[in-house]
Amino acid sequence: MSSRNKKVRVWGRFRPTANFAHENIELLPDNKGVNVHMRRDPKKGVVNNQILDWSFKLDGIFSNADQDTVYNTVASDIVRGSLDGYNGTLMCYGQTGAGKTFTITGATESYRHRGLIPRAISQLFKQIEERLEYSITVRVSYMEIYNEGMFDLLSSLPEATWNNNSKDPYATPDPMVVTENQDGVFVKGLSCHLAQNEEEALNLLFEGETNRSIAAHQLNKQSSRSHCIFTVYLESRSRTQSNAKYTVSKVNFVDLAGSERLSKSKSEGKTKEEAMYINKSLSFLEQVVIALASRTRDHVPFRQSKLTHYLKDSIGGNCNTLLVANMWGEPAQLEETVSTLRFATRMMCVASEPAVNEVYDPALLVKKLQREIQHLKSELAMHDTLTNRSMVWYDPLSEQQKYEIRTQVKRYLDGSLDEIDIVNIRQIVGTFESFRELYLDMEKDMEARLKEKYMLIDKNDPASIAAAQQDLTLMLDAHENPASEAGVPIADDGSLVGDLEGGNFGLGTAPKTSKADSSAVVQLKKKERERDRKRGSRGATSPVAGKTASSPSHSAKGERKIESPTTPGGERADKPEKDLEGSASPVSSAGNLSRSEKVQRPRLAEDAESGVGEEGEEPAEEEEEHADGPPTDTPPSRTSAFEDFKAEKGSEINRVLIGNKEELAKRKKAYSDLAKDVNNIKVSIDQTRQKLEQLRQIREAEGPILNEDGDIIISEEEFMEIQRLKDLKISYRSKYDQLHNGKSEVVYCQNMVDQCRLKLIQEFDNWYSESFLSATDESQTSLGVGIGGRPGVIVPITSLATEDEQEKFERLQLELMMNNPDSAAFYNAQMRTSRRKIYGSAMSQAQPAYRHQPGTPTKNVLNRPPNMLQVQY
Ligand SMILES: Nc1ncnc2c1ncn2[C@@H]1O[C@H](COP(=O)(O)OP(=O)(O)OP(=O)(O)O)[C@@H](O)[C@H]1O
């Protein structure tokens, strides 16, 4: 991306309408200028300074342009630039209903009408595949700013890594805060998700879309009530150069909420309140743009709102910024059109000087510098040799050299060495260090010796002197033992002494008048015991290993352990944190499981892996003790109960599982057949190539036959072989593409099978626990994963009202997909989302409906299986 664009680029886009205000809006033939003529508003009185004629010039205007044209014109360059390390921002601004969401996201149901984000994702991954010499990581976040609150639209995904340095994926995220550092602006607490391919990135987009807050009003039935920012973060490292330098960049796709006139939108209550927040934040955005565009303004009020603060490094500056001003060219929307065009022209004045974001990897940089030091040392060594300098070394002192220097210093101090020969700078520094070490050692030694002989008392503290004196008196009275036995140092003359050499401590007899606290004896005894303990504890430990119950300690491996009282059985009630983390399942962290559930969960995971739930395989027998004691009646074995469950309560999900497995087997078979075909074609290509090579050699051996124009004439056989090779290559390409699609289908079906299997086991487990283990266990009901009154019992999927429609919809999409192979990722991701939506709506039937804050995950969302319906092809 060049840095020629010195200003933010702005394009206008008119939403198609049959009622276009041709009389008022004139689109100039250069496709850049717009003239707007407004009628005088009689309501504004006779003296009316209203401007009636407006003329605007933007970088371009889209009128009746399709999504493809819009993307190629405005976004393609910015997306390409992001791979080279340039930040980019694509923002849609305009009145409500003007087509911002249509431009940014597009119609998620239609591949043809997909918007800037899905197209950008597609382009990114295609170009990443082409840039083989770079390793490029893609991460995605999706955020919503609703009523001045920030919400993570992807917080419902369990694999989120929070922007709060927490390693624990299930840790509650910090409240979201816009933060700035030298790397730019980011939101602390916003989850960031790795996307390894186009489909994964689209999944994230669709997941976020389902979580957006939308409301209906007079002007738009599906009005977005918030500002949404979809951000793609890229990190690109060279595979070929071991460079410490790499590039990072981000592309923001900003779908601003639409400004609306309350009188027109007829918003009431909550929608009205939302509109007020929207209008306020848009006016702050306008203030920021005005300040950025002004040459005389030093201060730009970014912090006035969450939106402007977040966009601080994304409007102009070193970022490739582009604004699409969406307009609705109907006569009734003229004022809004003018207002949008005014904002757009202001934005055109904001300076933008894109720059590559290069980062240095500290570890690699250190290595590089180390190498450089090594080179310089070699240079020096060569120089020293040439100039006959000896006894010079540039490495740090070795342990042996340090020891020798120290010995020399010691000998110098005790007088056995007259002087120390100076050899080089390092040796001088080492000698001084040795002096200091020896001095400190001596000081410590001296203090220890004095402590052994005397007790140290602060001479400025009469109370402690008096206390010590009183202690001594008491002890002498109380015990027959001489005071020295109590560990109190006494001078030769029998009086209590303090210490030490001037400074803060004084040596002398304490005043006899000083009062002493009777607790001093206890204190002294404590001291005495403490000393004994220290002496004795070198070899032995106390019954509880001499550790305080609450203090944390570290294991030999450096793991931090939380100490806690021992249980009656002598075992520790708590485990090391690492163990706790290891045992915590996502479900248990949600705090919804009964104790028996928690015990069973690891076994379930193993079962699921070993394929329990398939025909002929049974869950392992359960022999665990339950916290509430075993039930009075012996429960049936899990094996037989599982059979019953599959035949009755779980029959529907079992049927789905079997269906999915059959589908998977079919897909696998088709995939392997295709793979065989591809291999066969490859073999034929190789053979044809060989044949051609032979023919070429024969031809060259016989000497070339030329026509009149000097072109080489080849034999018919050779011509046929060339033709054949061409056909084979075409067929190889097409089969290979089919194979590629087939693979994602197999992965997808496998996913379905796994989820069904897990669901079957979960359902069985709930049913079994509830039916046989503990009928009154409340936490079972709180799980609420099943549909219907009884937890764990799944309502037959055929009873979902939308299923038939869904099936039709998916079949239709599959057909479309077949027509356009590039759309496979889009439709796969979209199918997943629509299945999730159905699942979500089915779940909400079973649970009390409530409107939660947008972006906040529902209680069971972390553990919710994203999908469990049968794959329909
Ligand atoms: N260029 C276009 N081509 C076809 N349909 C469009 C176009 N632009 C907008 N629409 C349609 O207009 C309607 C409103 O568009 P959209 O929801 O994108 O508006 P918006 O500006 O995002 O509104 P709000 O700010 O209220 O969310 C949608 O049904 C959309 O499909």
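One-based numbering, in listed order, for ligands and for the atoms of each. These numbers were taken from a predicted model, which means no experiment stands behind them.
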Element-labelled atoms of ligand 1 that are located less than 4.0 Å from some non-hydrogen atom of Lys100: 18 (O), 19 (O), 20 (P), 21 (O), 22 (O), 23 (O), 24 (P), 25 (O)

Polar contact flag for Ala257 and ligand 1 (N/O pairs, less than 3.5 Å): no

Residue-ligand contact Arg13/ligand 1, heavy atom below 4.0 Å: yes

Salt bridge flag under 4.0 Å for residues Lys250 and Asp313: yes

Proximity flag Gln95 to ligand 1, non-hydrogen atoms under 4.0 Å: yes

Selected option - heavy-atom contact closest to atom 16 (P) of ligand 1, from Gly99, Gly115, Pro16: Gly99

Numbered atoms and elements of ligand 1 in range of Gly258, under 4.0 angstrom, heavy atoms: 25 (O)

Residue list, ring pair (Phe, Tyr, Trp, His ring centres under 6.0 Å) with Phe253, at least two apart or on another chain: none

Ligand 1 to Ala65 polar contact by distance, N or O atoms, under 3.5 Å: no

Leu256-ligand 1 polar pair, N/O distance under 3.5 Å: no

Pi-cation contact, Phe343 with Arg346 (under 6.0 Å, within 45°): no

Contact check: Thr96 vs ligand 1, nitrogen or oxygen atoms, below 3.5 angstrom: yes

CZ-CD distance between Phe826 and Glu198, expressed to the nearest 0.5 angstrom: 9.5 Å

Ser63: side-chain hydrogen bond (donor to acceptor under 3.5 Å, both in side chains) partners, not counting sequence neighbours: none

Between Trp11 and Phe62, ring centroids under 6.0 Å: yes

Flag for Thr231-Asn252: side-chain donor and acceptor within less than 3.5 Å: yes

